[in-house]
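FYI, the numbering just counts along the sequence from 1. Worth knowing before you read on, the calculation uses all heavy atoms, side chains too, and leaves out hydrogens, waters and symmetry mates.
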Amino acid sequence: MLQQLADWLAYSLLGLDAQSRVGSAVDFFFYDTTKILLLLFLISSIMGIINAYFPVDRLRTYLTTHKLYGLQYFFASLFGAITPFCSCSSIPLFIGFVKGGIPLGVTFAFLITSPLVNEVAVAMFLGTFGLRITIVYVISGMLLGMIGGFVLGKMRLEGYLSDWVQQIQKSSEAETAKWTAEKVTFFRRLPSILRDSWGIIKGVILYVIIGIAIGGLIHGYVPEGFFQEYMSKSSWFAVPLSVILGVPMYANAAGIVPIIEVFVAKGVPIGTALAFMMAVVGLSLPEATMLKKVMKWRLIGIFFGTISLFIILLGYLYNVVL
């Protein structure tokens with residue numbers, strides 16, 4: 001329904017050509033903006049209900065005081081793998097986790113894995129590259145989320161969350177404590193939960209619009225051949241260059257896997273192509289723009305730099321073993 005609405009707005013209401021770059025970019029903008037804002041409101045409301053009724057403070061205490069030997073990162077990565085979100089669609093749930101006070105490293109494990117590994121990516125990989133490459137990709141994608149989350153968690157980066165996030169964390173804890181003490185019924189709490197969700201949307205809507213607009217421009221105007229020319233080179237810098245070229249892009253697995261298939265068929269090494277794909281679906285300029293509401297620029301830079309380095313290392317490893 002959202003895609004039909006976006007098509008109607010772009011092609012019927014505005015009269016744009018579906019085959020033109022402008023039409024493609026505007027259609028992409030309408031679809032992704034609507035999808036992410038709806039996801040943000042829905043997930044924020046669900047997380048508000050969970051924060052009100054589920055003992056999130058106990059979960060937070062348990063995760064921070066017990067030795068779980070990395071299982072918390074595994075479960076966060078596994079949850080990311082079974083949620084069908086792109087890098088920008090994962091952010092509403094990321095905000096919900098941060099709002100609930102879940103440790104930042106565990107939250108990052110979800111944010112890293114969610115766009116990289118999901119049922120769409122797995123299905124398309126099976127049909128395109130076969131079982132062996134699919135298994136390697138899924139396992140390495142989850143390991144990237146686990147290791148990346150662990151490393152980022154050990155850096156103690158909570159101080160680089162934005163003031164806005166820290167404020168909603170405090171207000172959420174205070175309101176939950178008040179409701180618990182007064183034993184307020186669900187239907188009396190619901191309007192407040194929905195108001196909080198709407199407040200989150202108002203806080204990030206400008207960043208969503210800017211981020212998706214950037215993604216739409218890239219989606220409509222950057223030609224495939226531009227990347228293929230540099231990725232086909234067999235020199236040592238082909239992998240890092242592919243990751244650098246891929247990070248500004250924005251697409252989900254369904255949109256990028258067919259392009260990767262074309263790249264490989266035209267001689268691009270499989271590891272280089274997969275590293276490019278991971279950079280495109282796992283990191284993006286629109287994602288960075290949206291994360292600016294949640295994190296300070298330094299934390300965004302650390303997050304993108306750390307994950308880019310891990311993706312480059314995986315690209316070299318893929319070229320050796322695949």
Side-chain angles (χ1 to χ4, degrees), residues 47 56-83 85-87 89-118 121-122 135-162 165-166 169 239-240 243 246-247 271 274-275 277-284 287-288 291 294-318 321:
M47 292 303 294
V56 177
D57 54 337
R58 294 183 185 177
L59 176 61
R60 179 174 63 247
T61 302
Y62 185 82
L63 289 174
T64 53
T65 59
H66 287 69
K67 285 190 176 181
L68 300 178
Y69 304 100
L71 285 177
Q72 68 271 41
Y73 299 101
F74 169 74
F75 286 121
S77 184
L78 180 63
F79 183 59
I82 62 177
T83 51
F85 297 144
C86 64
S87 58
S89 301
S90 302
I91 291 177
L93 202 51
F94 177 85
I95 293 174
F97 286 167
V98 173
K99 180 182 176 182
I102 302 301
L104 193 58
V106 177
T107 307
F108 270 127
F110 163 80
L111 183 64
I112 295 166
T113 309
S114 183
L116 291 178
V117 183
N118 55 60
V122 171
I135 292 174
V136 171
Y137 179 81
V138 170
I139 292 175
S140 60
M142 291 187 62
L143 284 174
L144 175 59
M146 294 168 61
I147 296 171
F150 175 80
V151 170
L152 291 167
K154 290 299 181 182
M155 292 182 182
R156 307 294 183 187
L157 301 168
E158 287 78 7
Y160 296 115
L161 291 173
S162 68
V165 168
Q166 296 182 33
Q169 283 179 332
V239 172
V243 173
V247 167
L274 290 180
M277 173 183 168
M278 282 185 152
V280 170
V281 302
L283 303 169
S284 66
E287 179 189 17
L291 284 174
V294 185
M295 310 174 188
K296 297 176 181 177
W297 281 118
R298 185 168 183 177
L299 178 52
I300 294 173
I302 293 171
F303 170 58
F304 270 60
T306 302
I307 302 310
S308 295
L309 176 61
F310 286 157
I311 291 175
I312 290 170
L313 295 175
L314 275 176
Y316 286 125
L317 180 61
Y318 287 149
V321 302

Suppose we screen for side-chain contact (heavy atoms from CB on, under 4.5 Å). Which residues come up paired with Ser308, at least two apart in sequence or across chains? Val243, Val247, Leu283

Please tabulate, for side-chain N and O atoms in residues 75-82, each donor-acceptor pair with protein atoms closer than 3.5 Å (sequence neighbours left out).
unit_1, atom_1, unit_2, atom_2, d
Ser77, OG, Thr113, OG1, 2.9
Ser77, OG, Met142, O, 3.1

Could you give all pairs that pass the side-chain hydrogen bond (donor to acceptor under 3.5 Å, both in side chains) test and reach residues 137-150, with sequence neighbours left out? Ser140-Tyr318

Tyr316 meets the side-chain contact (heavy atoms from CB on, under 4.5 Å) criterion, sequence neighbours left out, with Trp236, Val239, Pro240, Ile312

Leu309 CG to Phe304 CZ distance, which is reported to the nearest 0.5 Å: 15.0 Å

Phe303: which residues meet the ring pair (Phe, Tyr, Trp, His ring centres under 6.0 Å) condition with it, sequence neighbours left out? Phe108

What's the shortest heavy-atom distance between Pro115 and Gly282, and which atoms? CG-CA, 3.9 Å

Give the table of side-chain donor-acceptor pairs shorter than 3.5 Å for residues 149-157, with sequence neighbours excluded, one pair per line with atom names and distance.
none

What's the separation between atom CD1 in Ile112 and atom CG in Leu144, rounded to the nearest 0.5 Å? 6.0 Å

CD-CE distance between Gln72 and Met146, expressed to the nearest 0.5 angstrom: 9.0 Å

Drop me the distance from Ile311's CD1 to Leu116's CG, to the nearest 0.5 angstrom. 6.0 Å

